[in-house]
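As structure tokens, the structure follows; a few thoughts come after it.
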Number of protein chains: 2
Amino acid sequence: MIQNKYYEIYLRLKQKITEGIYKKAELLPSENTLAKEYDVSRETIRKALDYLSQDGLIQKKQGKGSIVLDAQLFNFPISGLTSFKELADAQQMDAQTILLSNQRVTVDGQLQKKVPWSLGSDLILTERIRKIDEQKVIFDTDYLDPKITGDIPKERLEDSLYDYLENDLQLPIAFANKEISVESVTDKDRANLDLRDEDNHLVVIRSAVYLEDARNFQFSESRHRVDRFRFIDFSRRKHTLSEHDGFR
Amino acid sequence: MIQNKYYEIYLRLKQKITEGIYKKAELLPSENTLAKEYDVSRETIRKALDYLSQDGLIQKKQGKGSIVLDAQLFNFPISGLTSFKELADAQQMDAQTILLSNQRVTVDGQLQKKVPWSLGSDLILTERIRKIDEQKVIFDTDYLDPKITGDIPKERLEDSLYDYLENDLQLPIAFANKEISVESVTDKDRANLDLRDEDNHLVVIRSAVYLEDARNFQFSESRHRVDRFRFIDFSRRKHTLSEHDGFR
DNA sequence: CAGTGGTCTAGACCACAGT
DNA sequence: CTGTGGTCTAGACCACTGG
């Protein structure tokens, strides 16, 4: 099934890099060469290369070319917007999910601290515990907007919520704001997770998730035992170019 | 000073969004309208909009338009590649730096666990403590390649290392790999930081930093007291589109 | 100098949303 | 149907790298 040209070319180049056909620290063929090779315009090649660059797979240098980077990243794509199930699959972890609750609740003053939705509105609350290597190390709480998602079948929560939302409901999940911090262990954490005596903190990831039309349909809180948490990221330096430049 | 058209347009649109001229949840003018307004081609407008999209300021929707997002993000640009000084300035924090050491060392077996540079090579080791609100809460260790940076003047380490590297040395810092994890407090941490009794973990950020020509010139380790750590991120969902598609 | 990537254009056609 | 954003093209000129 043919997608966009630039996306196909992106995938093919990516594959050639991971297979070592294009070697680390060497240069890719020039944009003009690639344009001829794939029989597309140079702009289309450039779009594919932009994707590779955003992935941290190449570094472009004017006058020189595109250097293939030595990235261990794609082994561990934790950055971005990825579900637990996808991560577990990608990492081939021994992972299980225990569904604690899945119910409708009404937003009251208490809840509104966690979910900035209007008072009195209906929402779905689910609580899940994630077991990795037979240890309960992650506590996930999700708040969903039932006007968008409807009720969630129990079986799908035990498998993959995102798979249900995207494939069954065809909801186009687009972006999220995330916050990572460290918080003190609560009694509820201690009751539900396998914590060690020295664990008095958890890593907490809170996120607000949005659809393509920018509607916010989910909030989630994910509490991780500190020794099982790792976040890997590739980032490019933003050269602010002095905000003072430019017309105004 | 005029830069690129697309970058200027990006800045102007960004400004109009932050000033509320383009309001949250409303649509930007269409790409064709903007192209006429700025007297550029549509592709140039699209490039500016791509930047806004990557910043999490707008969400594009085919057939509809570009929705202005309600992003608190730019208040807190922790994601990306940002130096402590830049952060402190942006946040208007009461911050100080204490320089502990700044010396040349030779890579031995011990060091090589932290820095994957070849045995016997020379490097610069600097240790700095960051005080925020009069409390010593961050311990930074930096390993630099003296073949690239030379020795670092003491005064610049107490101010901003990145400012020195980029402006004085004109080194083009391009990208970094980062890892965030949580580790146990060591005796050295306890000796140098203002830790509370209940602090038995620290957030540790390790990063490898690269220049535009993809040379790795720096490794750094930044150890944060857990209550002073926060990471905010905007991420877009990557629609994998099944890796199995496409020609091969 | 020749070759590289960076920017920009004018125009084309397509896919999608809303009327 | 009209207008929106998404893709793609062929060609131009510029800025940078390296011999």
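Letters A, B, ... are given to chains in the order of the sequence lines, protein chains preceding strands, and every chain is numbered from 1.
Within the 4.0 Å cut-off from OP1 or OP2 of dT9(C), at least one side-chain nitrogen or oxygen of Lys5(B) is found. Contact check, Lys60(A) against dG6(C): a side-chain N or O comes under 4.0 Å of OP1 or OP2. In terms of phosphate contacts, Lys47(A) brings no side-chain nitrogen or oxygen within less than 4.0 Å of OP1 or OP2 of dC8(D). The side chain of Thr44(B) contributes an N or O atom lying less than 4.0 Å from OP1 or OP2 of dT9(C). Regarding contacts with the backbone of dA17(C), a side-chain N or O of Lys61(B) is found under 4.0 angstrom from either OP1 or OP2. In this structure, Arg42(A) does not reach the dA10(D) phosphate: none of its side-chain N or O atoms is under 4.0 Å from OP1 or OP2. For the OP1/OP2 pair of dC8(D) and a distance below 4.0 Å, the side-chain nitrogens and oxygens of Tyr6(A) include no atom meeting the criterion. Phosphate contact (OP1/OP2 of dT4(D), side-chain N/O of Ser30(B), threshold under 4.0 Å): present.
A donor atom on one side chain and an acceptor atom on the other are not found under 3.5 Å apart for Gln54(B) and Tyr10(B).
Closest to the side chain of Asn4(A), out of dT7(D), dA10(C), dG5(D), is dT7(D). Distances were taken from every side-chain heavy atom of Lys64(B) (C-beta onward) to each of dT17(D), dA17(C), dG11(C); the shortest belongs to dA17(C). Closest to the side chain of Gln62(B), out of dA10(D), dT7(C), dG5(D), is dG5(D). Taking the side chain of Glu31(B) as heavy atoms from C-beta on, and the options dG6(C), dA10(C), dG6(D), the nearest nucleotide is dG6(D).
Note: Tyr143(A) and Trp117(A) fail the aromatic proximity criterion, with ring centroids not under 6.0 Å apart.
For the pair Arg46(A) CZ and dT7(C) P, the interatomic distance rounds to 7 Å; values are reported in whole Å. Between the CD1 atom of Ile67(B) and the C1' atom of dC16(C) there is a distance of 14 Å, rounded to whole Å.
Remark: side-chain polar atoms of Asp145(B) are paired, donor with acceptor, to backbone N or O of Lys147(B) under 3.5 angstrom.
Using a cutoff of 4.0 Å between basic side-chain nitrogens and carboxylate oxygens, Glu43(B) and Arg46(A) are not scored as salt-bridged.
Under the Watson-Crick or G-U wobble criterion, with both distances below 3.5 Å, dT19(C) has no partner in any strand shown.
In this structure, the separation between CD1 on Ile45(B) and CG on Asp50(B) is 11.5 Å, given to the nearest 0.5 Å.
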